[in-house]
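Before any comments, here is the structure.
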Amino acid sequence: MGPVPRTLELFYDVLSPYSWLGFEVLCRYRNIWNINLQLRPSFIGGIMKDSGSLSAMRFLTAVNLEHPEMLENVSRELWMRIWSRDEDITQPQSILAAAEKAGMSAEQAQGLLEKSSTSKVKNQLRETTEAACRYGAFGLPITVAHVDGQTHMIFGSDRMELLAYLLGEKWMGPVPPAVNARL
């Protein structure tokens with residue numbers, strides 16, 4: 001039996017390409033490092049005071065509240081739209097297209113889009129963003145590692161070697177061999 005999973009929180013905004021890098025690496029290492037990865041959609045504008053991704057982040061917050069099993073795929077698809085295909089992620093039809101491409105039904109996506117403007121979703125996104133600020137965030141992504149009763153905040157997607165060291169794990173590059181074999 002391996003070690004007990006350690007918890008990592010990834011605070012991210014799909015407006016940040018660096019968040020995407022950290023997201024993909026941590027998703028790839030989740031099983032290799034035996035980590036409990038908690039995806040925490042945050043609003044970079046609440047940290048840096050200016051962003052165009054509020055609607056997308058509210059949508060991801062609604063996904064996290066209602067269908068957390070879809071959060072990884074929908075987040076990835078929003079990143080693909082904005083950073084890989086130079087497509088919009090701020091308009092409702094763009095968000096719906098990303099959700100459907102990620103495997104969500106049109107009805108589910110529309111329902112979540114409607115919930116995105118509710119107080120519950122807005123408050124949750126605000127609380128998550130404030131949590132990132134309490135950890136010391138000054139941008140995104142940040143990864144918060146809870147290891148051996150201690151909390152460590154790591155800024156950026158280029159600090160994975162440091163994260164591996166904190167976890168007592170081996171860093172094998174951004175695409176570890178186990179994942180590389182499946183690509």
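- Residues Ser94 and Glu87 are not in side-chain contact: their nearest non-hydrogen atoms beyond the backbone lie 4.5 Å or more apart.
- The line from CD of Glu77 to NZ of Lys101 is 5.0 Å long, rounded to the nearest 0.5 Å.
- Considering only heavy atoms from C-beta on, Trp171 comes within 4.5 Å of Val25 through its side chain.
- Rounding to the nearest 0.5 Å gives a distance of 7.0 Å between OG of Ser55 and CD of Gln91.
- Contact annotation: the side chain of Met57 never approaches that of Phe59 to less than 4.5 Å [non-hydrogen atoms, C-beta and beyond].
- Placement of Trp83 and Ile95 within a single hydrophobic cluster is found when ILVMFWY residues are connected by side-chain heavy-atom separations under 4.5 Å, directly or transitively.
- We find the CG-CG distance between Leu112 and Leu65 to be 9.0 Å, quoted to the nearest 0.5 Å.
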Which pairs would a plain distance check flag for residues 149-168, meaning a side-chain donor or acceptor within less than 3.5 Å of a matching protein atom at least two apart in sequence or in another chain?
{"residue": "Thr151", "atom": "OG1", "partner": "His146", "partner atom": "ND1", "Å": "3.4"}
{"residue": "Ser157", "atom": "OG", "partner": "Tyr18", "partner atom": "O", "Å": "3.2"}

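- For the residue pair Glu169/Tyr29, the side-chain donor-acceptor check at 3.5 Å is not satisfied.
- Side-chain atoms of Arg76 and Cys27, non-hydrogen and from C-beta on, do get closer than 4.5 Å to each other.
- In this structure the side chain of Glu72 reaches within 4.5 angstrom of the side chain of Phe23, judged on heavy atoms.
- A donor-acceptor pair is defined here as one N or O able to donate and one able to accept, closer than 3.5 Å; no such pair exists between the side chain of Arg30 and the backbone of Asn36.
- Between the side chain of Asp13 and the main chain of Ser16, no donor-acceptor pair closer than 3.5 Å is present.
- Transitive grouping of hydrophobic side chains (ILVMFWY, heavy atoms separated by less than 4.5 Å) brings Tyr12 and Met80 into a common cluster.
- Side-chain N or O atoms of Ser105 include one that pairs as donor or acceptor with a backbone N or O of Gln108 at under 3.5 Å.
- Partners of Thr143 by side chain to side chain donor-acceptor pair (under 3.5 Å), not counting sequence neighbours: none found.
- By the rule that hydrophobic residues join a cluster once side-chain heavy atoms approach within less than 4.5 Å of another member, Leu96 and Leu78 end up as members of one cluster.
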Contacts table for residues 124-133: side-chain donor-acceptor under 3.5 angstrom, sequence neighbours left out:
{"residue": "Gln124", "atom": "NE2", "partner": "Thr128", "partner atom": "OG1", "Å": "3.2"}
{"residue": "Arg126", "atom": "NH1", "partner": "Asn123", "partner atom": "OD1", "Å": "2.6"}
{"residue": "Thr128", "atom": "OG1", "partner": "Gln124", "partner atom": "O", "Å": "3.0"}
{"residue": "Thr129", "atom": "OG1", "partner": "Phe43", "partner atom": "N", "Å": "3.0"}
{"residue": "Thr129", "atom": "OG1", "partner": "Leu125", "partner atom": "O", "Å": "2.9"}

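- With rounding to the nearest 0.5 Å, the separation of CD1 in Ile44 from CG in Leu15 is 6.5 Å.
- Within the 4.5 Å cutoff, the side chain of Gln38 has no heavy atoms near those of the Leu10 side chain.
- In this structure, Pro68 and Val63 have side chains that are not in contact, with every pair of non-hydrogen atoms separated by 4.5 Å or more.
- Two residues are said to be in side-chain contact when any heavy atoms from C-beta on lie closer than 4.5 Å; Lys115 and Glu66 meet this criterion.
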